[in-house]
Amino acid sequence: MIIAVPYDNGNIFPKFGQTAFFKLYDAHDGIIRKTEIVSTVSKSHGALAVFLTQHNVETLICDSIGSAAQTALRLCGIKLRCGVTGSADEAIRRYLHSYC
């Protein structure tokens, strides 16, 4: 399962549509196997859902996200968990502990 977070300097970037980077977590059986930081430079706000789909993201964990972006993610089949702040790595560990 690939999980993404809008990323900045170790933390979840607060605004989904303005993030310059996503950190991608490849997790299986509740264990993070691999991480990667990918740039969103030159991606428009509306293209982020497609961008995440191209990276095989199944779940997005973020803080703030607009309704249009939420709809775009759902249409792409990406699960969404909003209102999460702080350390990106810790948020992923909590998510995996709760859901896997």
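FYI, side chains are in, hydrogens and waters are out, and symmetry mates aren't considered; it's all heavy atoms of this structure.
- In this structure the side chain of Ile32 reaches within 4.5 angstrom of the side chain of Leu96, judged on heavy atoms.
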Show, in sequence, the C-alpha distance, side-chain angles and deciding distance for Cys82 and Asp63, and conclude whether the side-chain contact (heavy atoms from CB on, under 4.5 Å) test is met. CA-CA 5 Å; Cys82 305; Asp63 182 3; over 6 Å; no
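- Atom-to-atom distance recorded for Thr35:OG1 and Tyr7:OH is 8.0 Å, nearest 0.5 angstrom.
- Annotation: the span from Ser39 atom OG to Phe21 atom CZ amounts to 5.0 Å, rounded to 0.5 Å.
- Sorted by first then second residue, the ring pair (Phe, Tyr, Trp, His ring centres under 6.0 Å) pairs that include residues 54-86, not counting sequence neighbours, are Phe51-His55.
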Dump the intermediate steps for side-chain contact (heavy atoms from CB on, under 4.5 Å) on Leu60 and Leu52, then the final yes or no. CA-CA 9 Å; Leu60 173 72; Leu52 292 174; 4.3 Å; yes
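- Side chain of Thr40 to main chain of Thr19: a donor-acceptor pair is present (N/O by atom type, distance under 3.5 Å, no hydrogens or angles).
- Residue pairs meeting the ring pair (Phe, Tyr, Trp, His ring centres under 6.0 Å) criterion with at least one member in residues 56-89, sequence neighbours excluded, do not occur.
- Here the straight-line distance linking atom OG1 of Thr53 with atom CD of Glu58 works out to 11.0 Å at 0.5 Å rounding.
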Decide yes or no on side-chain contact (heavy atoms from CB on, under 4.5 Å) for Asp26 and Ile3, but give the supporting numbers first. CA-CA 7 Å; Asp26 187 354; Ile3 306 166; over 6 Å; no
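- Once rounded to the nearest 0.5 Å, the distance linking CE of Met1 with CG of Asn56 reads 13.5 Å.
- Evaluation of the ring pair (Phe, Tyr, Trp, His ring centres under 6.0 Å) test over residues 65-92, restricted to residues two or more places apart or in two chains, returns none.
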Verdict with reasoning, Ile37 to Phe22, per side-chain contact (heavy atoms from CB on, under 4.5 Å): CA-CA 6 Å; Ile37 298 172; Phe22 282 102; over 6 Å; no
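- Contact between Ala91 and Ile12 at its shortest, heavy atoms only, is CB-CD1, 3.7 Å.
- Remark: side-chain polar atoms of Tyr95 are not paired, donor with acceptor, to backbone N or O of Ser98 under 3.5 angstrom.
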Distance-only donor-acceptor hits, side chain of residues 64-73, under 3.5 Å, sequence neighbours excluded:
{"residue": "Gln70", "atom": "NE2", "partner": "Ile65", "partner atom": "O", "Å": "3.2"}
{"residue": "Thr71", "atom": "OG1", "partner": "Ser67", "partner atom": "O", "Å": "3.1"}

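- Nearest heavy-atom pair across Leu48 and Gly17 is CD1-CA, 3.9 Å.
- Between Ile92 and Arg94, the closest side-chain pair of non-hydrogen atoms is not below 4.5 Å.
- Identified under the side chain to side chain donor-acceptor pair (under 3.5 Å) test for residues 72-90, with sequence neighbours left out: Lys23-Asp89, Tyr25-Asp89, Arg81-Tyr99, Glu90-Arg93.
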